[in-house]
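Reviewing the structure listed below.
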Amino acid sequence: EAKSAGRNNWQVYAEEMNERVQQKRKLETDLRAAIRYQEFFLEFQPRFQIDDNTLCGAEALIRWNHPVNGRLEPDSFIPIAEQTGLIVPLSDWVLDKACKTALTWPETMFVSINLSPSEFERGDIVSRIGAALTNSGLAPHRLELEITESVLLDDAAKVLDIMSSLKKIGVRLSMDDFGTGYSSLSYLRTFPFDGIKIDKSFIADFVEYDTSHAIIESIVGLGRALSMTVTAEGVENVNQLNQLHKVKCDQAQGYFLGRPMSERQFFDSCITDRQ
Ligand code: C2E
Ligand code: MG
Ligand code: MG
Ligand code: MG
């Protein structure tokens with residue numbers, strides 16, 4: 001305290017900035033090493049068909065087992081990976097691992113992965129997806145790519161071109177966190193999505209608020225009209241699930257149905273138990 005009292009605001013600010021830059025640089029260095037030493041792992045969260053309660057697939061979610069800091073969640077390192085371009089090798093690893101894992105599941109099941117906006121700007125995402133499918137031998141229709149609205153903001157013509165090529169390969173495209181951006185509706189008209197994932201913020205107050213109920217019911221209707229599969233994410237209790245069933249939402253994902261879990265645990269508790 002006594003020490004900082006002697007410094008002016010600018011100095012304190014500069015030091016804090018410097019610290020933040022250092023931290024970021026450290027994380028970037030660590031991230032590079034982590035890719036080399038394979039410190040990442042995937043967790044799989046089950047997705048269910050609501051009307052008959054069958055397991056239809058799983059979302060692959062990345063985690064980092066940091067040698068010093070322990071387990072890190074994606075929100076703490078994906079942004080740095082995006083800024084530094086490391087997202088491309090990272091995402092290649094995710095793709096490869098997710099496809100190979102899905103090969104061990106029944107053929108009726110898909111795996112979904114999340115793509116970052118920056119992957120649409122740099123690198124050849126279409127050939128990367130193609131390569132992952134060829135290397136693993138997974139049928140393209142068993143891979144779903146989750147894309148958020150921020151991807152679509154940049155160069156719409158370019159993104160549309162990429163998405164059309166991905167559709168030709170035969171993978172499924174879904175719009176993640178639907179309803180949180182500015183132009184969700186116009187994007188649905190412009191881009192060839194197969195599915196919509198309703199953002200969990202709508203599901204959270206679904207049961208309490210009539211407005212959220214109306215919004216969800218409308219999104220489900222919209223999905224039906226456009227022949228898109230509608231998935232609710234963030235389902236945390238049975239009331240929400242019952243309501244989703246009532247409004248005929250197609251699929252659901254959330255802690256109530258299953259948390260993200262290791263590949264092994266997913267196989268043992270979700271797949272083996274149901275066969
Ligand atoms: P997302 O794709 O929207 O994934 C859903 C997030 O909600 C996950 O957080 C999941 O663990 C969490 N979740 C699932 N069910 C519930 C629930 O019932 N309640 C609540 N409150 N949360 C639930 P997670 O794993 O921390 O991932 C955060 C975000 O990081 C993801 O959001 C996705 O955008 C990004 N991400 C994860 N893995 C990857 C990856 O491999 N590549 C890229 N580019 N992004 C990834
Ligand atoms: Mg997602
Ligand atoms: Mg989401
Ligand atoms: Mg998200």
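Since this is a predicted model, take the numbers as computed values, not measurements. One-based numbering, in listed order, for ligands and for the atoms of each. Just so you know, residue 1 is the first one in the sequence shown, and it goes up from there.
Contact annotation for Arg259 and ligand 1: no heavy atom of the residue comes within less than 4.0 Å of the ligand. Contact annotation for Ser116 and ligand 1: heavy atoms of both the backbone and the side chain come within less than 4.0 Å of the ligand. Under 4.0 Å from ligand 1, the heavy atoms of Val235 that appear belong solely to its backbone. Residue-level proximity to ligand 1 for Asp176 is carried by the side chain, the only part with a heavy atom below 4.0 angstrom. Contacts with ligand 1 closer than 4.0 Å are made by no heavy atom of Leu42, backbone or side chain.
Using cut-offs of 30° and 60° for the angle between ring planes, the Phe193 and Phe191 rings count as perpendicular.
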Problem - Worked check of side chain to side chain contact (heavy atoms under 4.5 Å, CB included) between Phe110 and Trp105 - result: CA-CA 9 Å; Phe110 64 83; Trp105 303 342; over 6 Å; no
Exercise for the section: Just do the side chain to side chain contact (heavy atoms under 4.5 Å, CB included) check on Met228 and Leu188 with the steps written out, would you? Expected result: CA-CA 10 Å; Met228 294 177 187; Leu188 282 189; 3.9 Å; yes
Practice task
With side chain to side chain contact (heavy atoms under 4.5 Å, CB included) as the test, would you mind laying out the steps for Lys168 and Val126 before giving the verdict?
Solution key: CA-CA 10 Å; Lys168 274 185 209 133; Val126 179; over 6 Å; no
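Taking a cut-off of under 4.0 Å to the non-hydrogen atoms of Glu233, the atoms of ligand 1 that pass are 3 (O). Under a 4.0 Å criterion applied to the non-hydrogen atoms of Glu59, ligand 1 contributes the atoms 2 (O), 4 (O). Close contacts between ligand 1 and Pro74 involve ligand atoms 24 (P), 25 (O), 26 (O), 27 (O), 28 (C), 30 (O), 36 (N), 37 (C) [criterion: under 4.0 Å to a heavy atom]. Counting the atoms of ligand 1 from 1 in the order shown, those under 4.0 Å from a heavy atom of Pro260 are 11 (O).
Rounded to 10°, the angle formed at the Mg ion (ligand 3) by OD1 of Asp176 and OD1 of Asp177 is 90°.
Look at Arg63 and you'll find a heavy atom under 4.0 Å from some atom of ligand 1. Contact annotation: Gly234 has at least one heavy atom less than 4.0 Å from an atom of ligand 1.
Ion pairing between a basic and an acidic side chain is recognised when a charged N comes within 4.0 Å of a carboxylate O; Glu28 and Arg32 show such pairing. Arg128 has no carboxylate O lying under 4.0 Å from a charged side-chain N of Asp124, or vice versa, which leaves the two without a salt bridge.
In this structure, the side chains of Leu222 and Val230 stay at 4.5 Å or more apart for every pair of heavy atoms. Residues Ile62 and Asn114 have side chains not in contact (no heavy-atom distance under 4.5 Å, counting atoms from C-beta outward). Residues Asp96 and Asp92 fail the side-chain proximity criterion, which asks for heavy atoms closer than 4.5 Å.
The distance criterion of under 3.5 Å between nitrogen or oxygen atoms is met by Ile62 with respect to ligand 1. Residue Glu82 has no N or O atom closer than 3.5 Å to an N or O atom of ligand 1. The N/O atoms of Gln45, backbone and side chain alike, include one that comes under 3.5 Å of an N/O atom in ligand 1.
Inclusion of Glu233 in the first shell of the Mg ion (ligand 3) is supported: an N, O or S atom falls under 2.8 Å. Among the atoms of Asn114, an N, O or S atom is found under 2.8 Å from the Mg ion (ligand 2).
With Val94, Asp75, Leu61 as candidates, the residue nearest to atom 41 (O) of ligand 1 on a non-hydrogen basis is Val94. By heavy-atom distance, the residue among Glu119, Glu43, Glu236 lying nearest atom 20 (C) of ligand 1 is Glu236. Nearest residue to atom 16 (C) of ligand 1 from Phe77, Phe256, Trp93, Tyr255 is Tyr255 (criterion: closest heavy atom).
What you find for Ile147 and Phe120 is that their closest heavy atoms are CD1-CZ, 3.9 Å.
Under a 3.5 Å cut-off, the side chain of Thr272 and the backbone N or O of Phe267 do form a donor-acceptor pair.
Grouping Ile, Leu, Val, Met, Phe, Trp and Tyr by side-chain contacts under 4.5 Å, direct or through others, leaves Val68 on its own.
Take the N/O/S atoms of Glu59: the one nearest the Mg ion (ligand 2) is OE2. When you scan the N, O or S atoms of Glu146 for the one nearest the Mg ion (ligand 2), you land on OE1.
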Donor-acceptor pairs under 3.5 angstrom involving side-chain atoms of residues 40-52: please list them, not counting sequence neighbours.
residue : atom : partner : partner atom : Å
Glu43   : OE1  : Arg63   : NE           : 2.7
Glu43   : OE1  : Arg71   : NH2          : 3.2
Glu43   : OE2  : Arg71   : NH1          : 3.2
Gln45   : OE1  : Gln253  : NE2          : 2.9
Gln45   : NE2  : Gly258  : O            : 3.0
Arg47   : NE   : Thr231  : OG1          : 3.4
Arg47   : NE   : Gln251  : OE1          : 3.0
Arg47   : NH1  : Glu144  : OE2          : 3.1
Arg47   : NH2  : Glu144  : OE1          : 3.3
Arg47   : NH2  : Glu144  : OE2          : 3.3
Arg47   : NH2  : Thr231  : OG1          : 3.4
Arg47   : NH2  : Gln251  : OE1          : 3.1
Gln49   : OE1  : Gln251  : NE2          : 3.1
Asp52   : OD1  : Thr54   : N            : 3.2
Asp52   : OD1  : Thr54   : OG1          : 2.9

